[in-house]
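One structure is given here, and the rest of the page talks about it.
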Amino acid sequence: MRKSVFTEKFKLDGEQEKRVREEIKAFYLDTFDEEIGMIKEQQILDLFYEHLAPVIYNKALDDVHRWHRQQAENLESDYYMLYCDV
């Protein structure tokens, strides 16, 4: 499986990845009554890195952009409220 630039740039740290792999393993056991090995765990994690992580990352950027724009609008209206009637 090829790795994207995103996968290389935004890799989970060792402890985070371990917890996610444990969650994947537990999910397969609970849902499919199937134990999976390390290779399958890594393949599933790589699939998430490749396809889901960029979507979540971009959504977070959009949310921050929207929040920042709203804060700027609030600042501008607050600024004009400081004017004195002349």
Side-chain angles (χ1 to χ4, degrees):
M1 178 181 289
R2 73 179 173 82
K3 295 201 179 215
S4 71
V5 173
F6 185 89
T7 303
E8 296 303 315
K9 188 174 183 181
F10 297 100
K11 197 97 168 142
L12 297 172
D13 70 32
E15 188 58 37
Q16 291 170 326
E17 185 168 311
K18 180 182 174 195
R19 283 194 310 261
V20 170
R21 288 173 68 132
E22 288 170 357
E23 288 295 326
I24 291 169
K25 192 171 192 155
F27 171 80
Y28 258 79
L29 187 57
D30 292 345
T31 305
F32 303 111
D33 198 29
E34 176 185 345
E35 288 196 26
I36 61 173
M38 291 174 51
I39 293 174
K40 197 166 196 175
E41 287 173 24
Q42 189 61 51
Q43 289 172 330
I44 293 167
L45 184 56
D46 288 344
L47 179 75
F48 286 127
Y49 274 135
E50 185 74 26
H51 297 286
L52 186 58
V55 172
I56 293 170
Y57 176 81
N58 288 338
K59 171 73 170 97
L61 283 179
D62 290 342
D63 290 349
V64 167
H65 184 254
R66 193 172 17 265
W67 177 86
H68 186 267
R69 187 176 29 212
Q70 181 63 46
Q71 296 304 311
E73 289 172 8
N74 291 345
L75 182 62
E76 187 169 331
S77 69
D78 290 348
Y79 171 77
Y80 285 112
M81 289 177 65
L82 294 174
Y83 270 83
C84 296
D85 288 330
V86 193

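Counting heavy atoms from C-beta on, the side chains of V20 and F48 never come closer than 4.5 Å. Using a 4.5 Å cut-off on side-chain heavy atoms (C-beta onward), E22 and K18 make contact. The side-chain heavy atoms of E17 and Q42, taken from C-beta on, include a pair separated by under 4.5 Å. In this structure the side chain of D78 reaches within 4.5 angstrom of the side chain of M81, judged on heavy atoms.
Minimum heavy-atom separation, L29 to E35: CD1-CG, 3.7 Å. The two residues R21 and M38 have their closest heavy-atom pair at NH2-O, 3.1 Å. A pairwise comparison of heavy atoms in L12 and Y49 identifies N-OH, 3.0 Å as the closest pair.
Atom OH of Y57 sits about 15.0 Å away from atom CG of L52, to the nearest 0.5 Å. Remark: H51 NE2 to D46 CG distance equals 10.0 Å, nearest 0.5 Å. The NZ atom of K40 lies 6.0 Å from the CD1 atom of I44; values are rounded to the nearest 0.5 Å.
Under a cut-off of 6.0 angstrom, the local environment of CD1 in I39 is sparse, with at most 12 non-hydrogen atoms contributed by other residues, nucleotides or ligands. Annotation: F32, atom CZ; neighbour count of heavy atoms from other residues, nucleotides and ligands within 6.0 Å is above 12. Within a 6.0 Å radius of CG in D62, other residues, nucleotides and ligands contribute more than 12 heavy atoms. More than 12 heavy-atom neighbours from other residues, nucleotides or ligands sit within 6.0 angstrom of CD on E73.
Between K59 and D63, at least one side-chain nitrogen of the basic residue sits less than 4.0 Å from a carboxylate oxygen of the acidic one, meeting the salt-bridge criterion.
Hydrophobic clustering of Ile, Leu, Val, Met, Phe, Trp and Tyr side chains at less than 4.5 Å, counting indirect connections, keeps V64 apart from I56.
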Is there a side chain to side chain contact (heavy atoms under 4.5 Å, CB included) between L61 and H65 once you walk through the steps?
CA-CA 6 Å; L61 283 179; H65 184 254; over 6 Å; no
